[in-house]
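A quick write-up on the structure given underneath.
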There are 2 protein chains.
Amino acid sequence: MALDDLPVPVFPKPVTLRDVAAQAGVSVATASKALNDQGRMTAETRERIRETARSLGFRPNGLAQSLLRRRSFTVGLLTNDTYGRFSLPLMSGISDALVDAGVSVFLCNVEEDQRLGQLHVEAMLDKRVDGIIATGKRIDRHLPVDLANLRVPVIYAFTQPDPDAVAFVSDDGDGARLAIEHFCRLGRKRIAHVSGPASFAVVHERAQAYRAVLTENGLPVIEPLLGSWSEAWGHEAVARLFDGRGKKPDAVFCGNDQIARGVIDALRERGLGVPNDVGVIGFDNWEIVAEATRPPLTSVDMNLAALGREAGLTLLSLVGGKSATPGIRKLPCRLVVRQSCGRLPDG
Amino acid sequence: MALDDLPVPVFPKPVTLRDVAAQAGVSVATASKALNDQGRMTAETRERIRETARSLGFRPNGLAQSLLRRRSFTVGLLTNDTYGRFSLPLMSGISDALVDAGVSVFLCNVEEDQRLGQLHVEAMLDKRVDGIIATGKRIDRHLPVDLANLRVPVIYAFTQPDPDAVAFVSDDGDGARLAIEHFCRLGRKRIAHVSGPASFAVVHERAQAYRAVLTENGLPVIEPLLGSWSEAWGHEAVARLFDGRGKKPDAVFCGNDQIARGVIDALRERGLGVPNDVGVIGFDNWEIVAEATRPPLTSVDMNLAALGREAGLTLLSLVGGKSATPGIRKLPCRLVVRQSCGRLPDG
DNA sequence: ATGAAAGCGCTAACAT
DNA sequence: ATGTTAGCGCTTTCAT
């Protein structure tokens, strides 16, 4: 038995329009028209050409078409959030919007590497992408690439945009507002806020909305507790909130779902019931966490997929030659109600 | 002030080789050679042409190059795991391997939609990708697309391959073995196994390795407990393991990190200490979970990024005309030791 | 040492 | 109703 006898796969040479034309006994031009529903010819010829194309398994070479049309039906997607959970729904929304237009997506992960980023952008440009979408994991940090004055339209989604660019971000103030108003409707009176590090812009945005809604409702504002985005911090925050003397909170609005989980666990350890004694709301609506807490966690969802869709559609219209108003557009959040807040009094 | 006065962005017409040639006073052919280090010409001319190219900001049109070279320096990445945590490390590894070769990645999410899948594959083929990588979220399910007899090489990574295709998957038996052997080295005597649903192939593969290693070490085999991949199941499994009469386990090997978390929490609630009374090992090494358990969880890592790299490199060599041995290649796992198993007796 | 010409696979004016 | 011609932007013989 022969060694070194691996079946070297030989790939069939692609069928070209020329092949189809020859086979059908017409010129390339006629074949092209037949397949693109252009020009005039007898229905019979058209059908015959179509049939030969089909039988030969002809597929037009997209490179040739793009070269001619000056449009590759391809957009570049830049991200620095390979492992995060934000980019995925975002991307899914983007692809979604683009697929319907027959546009494919080049995925490029740039990490924090300036050089790599620039390299990727050039590669995209060289491949003649129709446009570029930049996404990230936080809206107050810029990707490590310069996207100003490119030869193609650029859209920012969930990342810090260049000035005068078109950008979409979640409205974190709106998200916080939804949460606090939900608590108010449920009759909670002492609502605390446990959030992430002060270095995040959203932390302040949410805290501000938290204060505003409480004031509007004549409820006391408890100074927000800022820490890290971890369960451990949620734990610790509960100690700080409940150890002191004075009135205890009957609701906690958390900066993310992991903090919320820490809070819920800590409350249980203290013999405090959720939602009966204390209501809890999280942020991000990370299902894997929100559904594992006991009870399941009510949480603010940033609608990232919708945000991605919006970004994709806007890019498409830009590519189509329309113009879009520059500036940052904030998209509303949505409260996903589970069981960590209890029911309406009259519910 | 005028309304409707949005600055319609006008994009500069790309500079072509023809422009460069004209500007430098040479023919396109010469310009091409100068920029590609081909042909012969005075160093002076070459440099002059280069300089004009640079000053004009010339970038070759990749579409034209690809059309000629019959190679797009682009590969398609098919996945049905948009939201999962498996595809991301995988993708990152793949891009990693490809970027160095100047190859970009088309990301396509096909969900479970057969029609959408076929559509995407055709789109990729039309765009003349050099090859395709199929990835998924479990290795015993096929993507909803037919990738046999394509015009380009195909590699499978972490998804069920076609027969005779080249595929890379994690070696789950190896992963289980690493876990159980670790327990044995630490002197654990009654090691239980709590895993996911019987409908997953990996569940059996791991259970088999579990049995084998215990037998090799002369330790009793406790019939594996199969359930779901959730924390709640981890909880319940602990009840089943510890409620009965008879000897209690001193170690639990879990099918994923969420189960492990449920197990650890349930043990604590029973007053059982981890790792002192019971050691726990998880699977997947999902950092966000493994680092949030108390104590932090020792877990089996499937080395997905490495697996992706391997897949990427192999595709590249296939594209380069080399041949690869068909079949499923299993890549080893790695045990990430944290604090849920305790130390070596003499450590 | 440089350039003219052909051609990658396709589309679109402009003939006939 | 169909074919001829001229490109898209580039590379590559082959002349000069």
Side-chain angles (χ1 to χ4, degrees), chain A residues 11-50 52-53 56-74 102 123 125-130 151, chain B residues 12-50 52-53 56-74 102 123 125-130 151-152:
Chain A
F11 300 101
K13 208 163 122 284
V15 179
T16 72
L17 187 57
R18 197 215 219 75
D19 300 332
V20 176
Q23 175 84 270
V26 294
S27 74
V28 215
T30 311
S32 170
K33 286 176 206 148
L35 299 176
N36 293 314
D37 261 326
Q38 306 259 317
R40 269 198 304 276
M41 68 193 67
T42 55
E44 188 266 321
T45 340
R46 196 178 292 268
E47 190 42 49
R48 179 166 43 88
I49 295 174
R50 289 226 169 119
T52 31
L56 258 40
F58 169 76
R59 307 243 70 207
N61 184 327
L63 294 173
Q65 292 182 316
S66 296
L67 185 57
L68 211 51
R69 297 202 222 277
R70 280 106 186 278
R71 182 120 153 48
S72 63
F73 287 87
T74 282
L125 257 22
D126 288 352
K127 292 195 172 149
R128 293 305 190 258
V129 294
D130 298 335
R151 304 190 324 260
Chain B
K13 204 161 125 290
V15 179
T16 73
L17 188 57
R18 197 215 216 75
D19 300 333
V20 176
Q23 175 84 271
V26 294
S27 72
V28 236
T30 310
S32 170
K33 287 173 205 151
L35 298 176
N36 293 313
D37 260 326
Q38 306 258 317
R40 270 198 305 277
M41 66 192 67
T42 56
E44 188 267 323
T45 344
R46 196 178 291 270
E47 190 41 50
R48 179 165 45 88
I49 296 174
R50 291 230 167 113
T52 28
L56 256 40
F58 168 75
R59 306 244 72 207
N61 184 328
L63 293 173
Q65 291 181 316
S66 297
L67 184 57
L68 213 49
R69 297 202 222 278
R70 283 102 187 283
R71 179 116 157 50
S72 63
F73 287 87
T74 282
L125 257 23
D126 289 352
K127 293 196 172 150
R128 293 304 190 260
V129 294
D130 298 335
R151 304 189 327 261
V152 296

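All values reported here derive from a predicted model rather than from experimental measurement. Residue numbering restarts at 1 for every chain, and letters A, B, ... go by the order of the sequence lines. For the numbers below, each heavy atom of this structure counts, side chains included, while hydrogens, waters and symmetry mates do not.
Within residues 29-45 of chain B, the residues approaching DNA chain C are B:Ala29, B:Thr30, B:Lys33, B:Arg40, B:Met41, B:Thr42, B:Thr45, by heavy-atom distance under 4.0 Å. Residues from residues 61-73 of chain B that place a heavy atom under 4.0 Å from any atom of DNA chain C, listed by number: B:Leu67, B:Leu68, B:Arg70.
Nearest-nucleotide assignment on DNA chain C puts the 5′-proximal partner with B:Arg46, out of B:Arg46 and A:Pro60. Residues B:Gly25 and A:Lys13 each lie close to DNA chain C; by heavy-atom proximity, the contact nearer the 5' end of the strand is made by B:Gly25.
Between B:Leu63 and A:Leu67 the shortest heavy-atom distance is CD1-N, 4.1 Å. A pairwise comparison of heavy atoms in B:Phe58 and B:Val15 identifies CD1-O, 3.3 Å as the closest pair. The two residues A:Arg128 and A:Ser72 come nearest to each other via the heavy atoms O-OG, 2.5 Å.
Pairs of residues two or more places apart, or lying in two chains, that qualify as salt bridge (charged side-chain N to carboxylate O under 4.0 Å, His left out) and include a residue from residues 17-39 of chain B are B:Asp37-B:Arg46, B:Asp37-B:Arg50. Every pair passing side chain to side chain donor-acceptor pair (under 3.5 Å) that includes a residue from residues 59-68 of chain A is listed here, sequence neighbours excluded: A:Arg59-B:Glu122, A:Arg59-B:Asp126.
Applying the side chain to side chain donor-acceptor pair (under 3.5 Å) rule to A:Arg151 yields no partners; only residues at least two apart in sequence or on another chain are considered. By the side chain to side chain donor-acceptor pair (under 3.5 Å) test, A:Arg69 pairs with no residue at all, sequence neighbours left out. Evaluation of the side chain to side chain donor-acceptor pair (under 3.5 Å) rule for A:Thr52 yields no partner, not counting sequence neighbours. Residues satisfying the side-chain contact (heavy atoms from CB on, under 4.5 Å) criterion with A:Ala31, sequence neighbours excluded, are A:Leu17, A:Ala21, A:Val26, A:Ile49.
A 4.0 Å heavy-atom criterion places the boundary nucleotides of DNA chain C facing chain B at C:dA1 to C:dG9, written 5' to 3'.
When the C1' atom of D:dT4 is taken as reference, atom CG of A:Leu17 falls 15 Å away, rounded to whole Å.
By the 4.5 Å heavy-atom criterion applied to side chains, B:Lys127 and B:Thr74 are not counted as neighbours.
Contact annotation for A:Ser27: base contact, defined as any heavy-atom pair under 4.0 Å involving a base atom.
Each end of the helix from C:dA1-D:dT16 to C:dT16-D:dA1 gets its own rotation axis from five pairs of C1' atoms, and the angle between them is 50° to the nearest 10 degrees.
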